[in-house]
Peer 1: 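Structure provided below as structure tokens; questions to follow.
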Amino acid sequence: MEKREPTEFEQRVYDATCRIPKGKVTTYKLLAAEIGCGSSQAVGQALKRNPFAPEVPCHRVLRTDLSIGGFYGQTQGREILRKKKMLADEGVELDGHGRVARDLVFEY
DNA sequence: GACATGACCCGCG
DNA sequence: CCGCGGGCCATGT
């Protein structure tokens with residue numbers, strides 16, 4: 001078992017994630033574009049590990065279609081339910097389709 | 001260095 | 001509207 005220290009790429013992801021103001025959200029694609037990555041999937045990889053939780057508000061990162069996405073390695077389940085709860089607590093509520101309003105998305 | 005995995009995205013039918 | 005397949009990037013084995 002090797003030590004998996006956070007890479008520079010992951011640090012950029014965490015840094016950008018921390019910049020998201022409360023009550024707002026962002027998407028993997030926007031995050032990827034900000035840190036200079038053409039793939040949002042790599043961003044998700046870094047967040048799923050999220051060794052800095054809850055220091056890093058990864059729950060504010062949603063998919064491009066503004067759906068929840070995943071949380072702690074799960075795309076559905078208790079952790080996801082918790083994620084929705086945290087967002088609602090910050091003023092970000094989901095509609096009947098599990099999506100948030102476009103104007104709640106924070107663009108860099 | 002090659003193969004497999006993933007909290008994704010986009011286009012097509 | 002739904003499902004399928006390909007593409008992209010970084011990580012871990």
Side-chain angles (χ1 to χ4, degrees):
Chain A
M1 298 287 284
E2 296 294 323
K3 303 177 276 188
R4 33 203 153 58
E5 311 170 0
T7 69
E8 294 182 39
F9 182 79
E10 288 186 24
Q11 298 216 10
R12 280 191 286 270
V13 176
Y14 304 139
D15 181 59
T17 305
C18 280
R19 292 183 228 165
I20 306 172
K22 181 186 173 196
K24 290 243 175 176
V25 294
T26 191
T27 70
Y28 294 102
K29 197 176 183 186
L30 284 169
L31 244 167
E34 175 61 22
I35 68 180
C37 180
S39 175
S40 39
Q41 191 156 22
V43 176
Q45 281 292 349
L47 287 176
K48 105 174 183 191
R49 302 198 155 243
N50 195 7
F52 293 85
E55 188 180 334
V56 176
C58 46
H59 56 270
R60 291 182 193 157
V61 185
L62 312 179
R63 288 174 50 162
T64 304
D65 51 343
L66 302 184
S67 56
I68 284 294
F71 200 55
Y72 280 87
Q74 295 181 79
T75 54
Q76 55 179 350
R78 274 209 10 237
E79 301 300 333
I80 294 296
L81 199 64
R82 206 182 289 171
K83 179 169 180 176
K84 292 181 182 176
K85 199 71 176 165
M86 291 174 8
L87 286 171
D89 187 60
E90 296 187 352
V92 181
E93 300 187 19
L94 305 162
D95 63 5
H97 294 286
R99 305 198 186 161
V100 302
R102 285 275 179 179
D103 49 286
L104 287 179
V105 179
F106 167 71
E107 302 186 46
Y108 294 87

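Chain letters run A, B, ... following the sequence lines, proteins first and then strands; every chain starts at 1.
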Peer 1: Output every pair passing salt bridge (Lys or Arg N to Asp or Glu O under 4.0 Å) with a member in residues 90-108 of chain A, not counting sequence neighbours, ordered by first then second residue.
Peer 2: A:Arg60-A:Glu90
Peer 1: Show me the donor-acceptor pairs within less than 3.5 Å that the side chains of residues 18-26 of chain A make with the rest of the protein, sequence neighbours left out.
Peer 2:
{"from": "A:Arg19", "atom 1": "NE", "to": "A:Asp15", "atom 2": "OD2", "distance (Å)": "3.2"}
{"from": "A:Arg19", "atom 1": "NH2", "to": "A:Asp15", "atom 2": "OD2", "distance (Å)": "2.6"}

Peer 1: I'd like to check the ring-ring contact (aromatic ring centres under 6.0 Å, His included) partners of A:Phe9; sequence neighbours left out, ordered by chain and number.
Peer 2: none
Peer 1: Do any pairs count as a ring-ring contact (aromatic ring centres under 6.0 Å, His included) and have a residue in residues 79-107 of chain A, sequence neighbours left out, and if so which ones?
Peer 2: A:Phe106-A:Tyr108
Peer 1: Who passes side-chain contact (heavy atoms from CB on, under 4.5 Å) against A:Gln76, sequence neighbours left out?
Peer 2: none
Peer 1: In the 5'-to-3' direction, what one-character label does each nucleotide of nucleotides 6-13 of chain B receive under the scheme B = base within less than 4.0 Å of a protein heavy atom, S = sugar-phosphate only, - = no such atom?
Peer 2: BBBSS---
Peer 1: A:Leu87 and A:Leu62: side chain to side chain contact (heavy atoms under 4.5 Å, CB included), yes or no, with the steps?
Peer 2: CA-CA 11 Å; A:Leu87 286 171; A:Leu62 312 179; 4.2 Å; yes
Peer 1: Name each donor-acceptor pair under 3.5 Å that joins a side chain in residues 27-44 of chain A to protein atoms two or more places apart or in another chain, with its distance.
Peer 2:
{"from": "A:Thr27", "atom 1": "OG1", "to": "A:Leu30", "atom 2": "N", "distance (Å)": "3.2"}
{"from": "A:Ser39", "atom 1": "OG", "to": "A:Gln41", "atom 2": "N", "distance (Å)": "3.4"}

Peer 1: Sort and list the pairs that fulfil salt bridge (Lys or Arg N to Asp or Glu O under 4.0 Å) and have at least one residue in residues 62-78 of chain A, not counting sequence neighbours.
Peer 2: A:Arg63-A:Asp65
Peer 1: Identify, with sequence neighbours excluded, every residue that meets salt bridge (charged side-chain N to carboxylate O under 4.0 Å, His left out) alongside A:Glu79.
Peer 2: A:Arg82
Peer 1: Hey, can you pull the residues of residues 99-108 of chain A with a non-hydrogen atom under 4.0 angstrom from DNA chain C?
Peer 2: none
Peer 1: Does A:Tyr14 have any side chain to side chain donor-acceptor pair (under 3.5 Å) partners at least two apart in sequence or in another chain, and if so, which?
Peer 2: A:Glu10
Peer 1: Which of residues 15-24 of chain A sit near DNA chain C, with a heavy atom under 4.0 Å from it?
Peer 2: none
